[in-house]
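Below: the structure, in structure tokens.
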2 protein chains.
Amino acid sequence: MGISERKEREREEMKTMITTAAMKMFLEDGYAKTSIRNIADAIEYSPGTIYLYYKDKDELLFEVQGQAYLKLLEAFKQNVTSTDPLEKLEQLGKTYVSFGLANPELYDLMFIIRAPTNVDETTHGHNGDATFNYLISLIEECILADLLIFKNANQAALQIWSMAHGLVSLNLRCRLKVMIPEEASIPEILHKAIEEYLISIRA
Amino acid sequence: MGISERKEREREEMKTMITTAAMKMFLEDGYAKTSIRNIADAIEYSPGTIYLYYKDKDELLFEVQGQAYLKLLEAFKQNVTSTDPLEKLEQLGKTYVSFGLANPELYDLMFIIRAPTNVDETTHGHNGDATFNYLISLIEECILADLLIFKNANQAALQIWSMAHGLVSLNLRCRLKVMIPEEASIPEILHKAIEEYLISIRA
DNA sequence: GGATTTACTGAACACTGTTCAGTACATTTG
DNA sequence: CAAATGTACTGAACAGTGTTCAGTAAATCC
């Protein structure tokens, strides 16, 4: 009988309906300002219903995080077009920075926000792996070709990601104002910082 | 007449009483989990009283932030002891990282948390300036002695701070787990990352 | 067609930041 | 000294939050 299959399908539809609304509202107003009641209103259901599909607001956050990581991965794939590994790394870095500047609320939700309750690691701990592995593979390619000063990919990733995340997150928290001229173009300055950094770690 | 002076003094005492309790509770439980009612309870006053001294929870946050920045500055002054500028920069970097690892809730409050309402810039925008200037002066010293690849201090600070903040904040959000071995000592790895980075930006 | 399962509701609970009428005490004035 | 004024503080109330759960109505099963 196809009833249970249909029900399962309907359940999935309901879940995507919730996450779609949540993603939209998180993007527009941020995670903190989006309440379960608001989301319920948007999809025209009662607040209690959401808890039949997601255990709490955090679980909703992690669902949306997963989607956001994939969005970033898509951006990587679209913008990393060169054949030269080092150039690819530069394209990736600039894509990362641009992504953070263009989607501040999304970036917040992906890397800055602290989920009130710590989520179960075994189930949700790896929803950014595909995106992270894209970075790691590219770094490995660079190291294999002896283009970087690093010998270990994880060690290199630690530094490269930290630099990129530092630039984006300090900017999102308005901490760069003291270091850059009033009229300067922030994307330009951050891109230049990425460029310079990558030059300094060339083998 | 000394009455108004005494009142002013009492007002200041009350303010420090509030901020001291707030700082303690922010440190222990974090900003989000500390409520005005909790603080009021701790100092044995009613919640309304706090609003006679601080306009809202944000203003309290900025007050505590200021104190935290000074605490970091103290740590800098205590640990930056070398005579060699580059060595001093390394000591500063390691102090920064250690500070963040040792006081995660404080670091959060200083650099990661987004205050719900954006505070008035003219009054509170510069409460971290002394600490930041310490970094800038040191970088200028390095640049003047031609020890760094940078020609501009702000440009250098942008990168150096971003790297340090990236390392600390990604660690606080458990994003480094994928890059470092299970049993590794995080302080050691982050210190090594700082060391390596500083080597790569040497002139 | 009657029993059971399922999906959903919306009121209720315990919290949050913030406001404000009311009070009790300190100070000033007549 | 007594009355009037000023000040510091209270705690209930407001509007919001995440979350739970008894109750209901519809779909499914037997």
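Predicted, not measured: the structure shown is a model, and the values here were computed from it. In what follows, chains carry the letters A, B, and so on, assigned in the order in which the sequence lines appear, proteins first and then strands, with residues in each chain numbered from 1.
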Under a 4.0 Å N-O cut-off, is there an ion pair linking E188(A) with K192(A)?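 Here E188(A) does not pair with K192(A) in a salt bridge, since their nearest N and O are not under 4.0 Å apart.
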
Closer than 4.0 angstrom, basic N to acidic O: yes or no for R9(A) and E5(A)?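 No salt bridge links R9(A) with E5(A).
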
Rounded to the Å, how far apart are [X] [atom1] and [N] [atom2]?
{"X": "R11(B)", "N": "dA8(D)", "atom1": "CZ", "atom2": "P", "value": "7 Å"}
{"X": "K33(B)", "N": "dG18(D)", "atom1": "NZ", "atom2": "C1'", "value": "14 Å"}
{"X": "I39(B)", "N": "dC9(D)", "atom1": "CD1", "atom2": "P", "value": "16 Å"}
{"X": "K57(B)", "N": "dT19(C)", "atom1": "NZ", "atom2": "P", "value": "15 Å"}
{"X": "E10(B)", "N": "dG6(D)", "atom1": "CD", "atom2": "P", "value": "20 Å"}
{"X": "E8(B)", "N": "dA8(D)", "atom1": "CD", "atom2": "P", "value": "10 Å"}
{"X": "M14(B)", "N": "dC9(D)", "atom1": "CE", "atom2": "C1'", "value": "8 Å"}
{"X": "I36(A)", "N": "dT20(D)", "atom1": "CD1", "atom2": "P", "value": "11 Å"}

Which pairs of donor and acceptor atoms, one on a side chain in residues 194-202 of chain B, lie under 3.5 Å apart (sequence neighbours left out)?
| from | atom 1 | to | atom 2 | distance (Å) |
| --- | --- | --- | --- | --- |
| E195(B) | OE2 | K94(B) | NZ | 2.7 |
| E196(B) | OE1 | Q155(A) | NE2 | 3.0 |
| E196(B) | OE1 | Q159(A) | NE2 | 3.4 |
| E196(B) | OE2 | Q155(A) | NE2 | 2.3 |
| Y197(B) | OH | Q159(B) | OE1 | 2.9 |
| S200(B) | OG | Y197(B) | O | 2.7 |

Testing the 3.5 Å rule here: is there a donor-acceptor pair between the side chains of N79(B) and Y96(B)?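 No - no donor-acceptor pair under 3.5 Å links their side chains.
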
Residue list, side chain to side chain donor-acceptor pair (under 3.5 Å) with T83(B), at least two apart or on another chain: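 None.
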
Under the side chain to side chain donor-acceptor pair (under 3.5 Å) rule, collect the residues that match up with S169(B), sequence neighbours excluded.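 So S169(B) forms a side chain to side chain donor-acceptor pair (under 3.5 Å) with H165(A).
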
Answer with base, sugar-phosphate or nothing: what part of the nucleic acid does Y53(B) contact at a heavy-atom distance below 4.0 Å?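 Contact class for Y53(B): sugar-phosphate only.
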
N or O in side chain of N38(A) less than 4.0 angstrom from dT17(D) OP1/OP2: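 Yes, such a contact exists.
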
Looking at R6(A), does any N or O in its side chain come under 4.0 Å of the phosphate oxygens OP1/OP2 on dT28(D)?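 Answer yes for this pair, as a side-chain N or O of R6(A) is under 4.0 Å from OP1 or OP2.
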
Could you tell me which residues satisfy salt bridge (charged side-chain N to carboxylate O under 4.0 Å, His left out) with [X], sequence neighbours excluded, listed by chain and number?
{"X": "E105(B)", "value": "R114(A)"}
{"X": "E141(A)", "value": "K88(A)"}
{"X": "E28(B)", "value": "none"}
{"X": "R173(B)", "value": "D108(B)"}

Mind listing the N/O atom pairs, protein and nucleotides 9-11 of chain C, below 3.5 Å?
| from | atom 1 | to | atom 2 | distance (Å) |
| --- | --- | --- | --- | --- |
| dT9(C) | OP2 | S46(A) | N | 2.8 |
| dT9(C) | OP2 | T49(A) | OG1 | 2.3 |
| dG10(C) | N7 | S46(A) | OG | 3.2 |

Name every residue in residues 15-22 of chain B that has at least one heavy atom under 4.0 Å from any atom of DNA chain C, in order of residue number, or write none if there are no such residues.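 None - not one residue of the stretch has a heavy atom sitting under 4.0 Å from the strand.
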
How would you list, by chain and number, every residue that makes a ring pair (Phe, Tyr, Trp, His ring centres under 6.0 Å) with F76(B), sequence neighbours excluded?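 Partners of F76(B) under the ring pair (Phe, Tyr, Trp, His ring centres under 6.0 Å) test: Y134(B).
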
So which pairs with a foot in residues 66-75 of chain B pass side-chain hydrogen bond (donor to acceptor under 3.5 Å, both in side chains), sequence neighbours left out?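 Only R175(A)-Y69(B) qualify under side-chain hydrogen bond (donor to acceptor under 3.5 Å, both in side chains).
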
For DNA chain C, list all stems, counting runs of three or more consecutive pairs where every pair is Watson-Crick or G-U wobble with both distances under 3.5 Å.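 Correct response: C:1-30 with D:1-30.
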
Picking from dT18(C), dT19(D), dA27(D), which would you name as closest to the side chain of K7(A)?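 Of the candidates, dA27(D) comes closest.
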
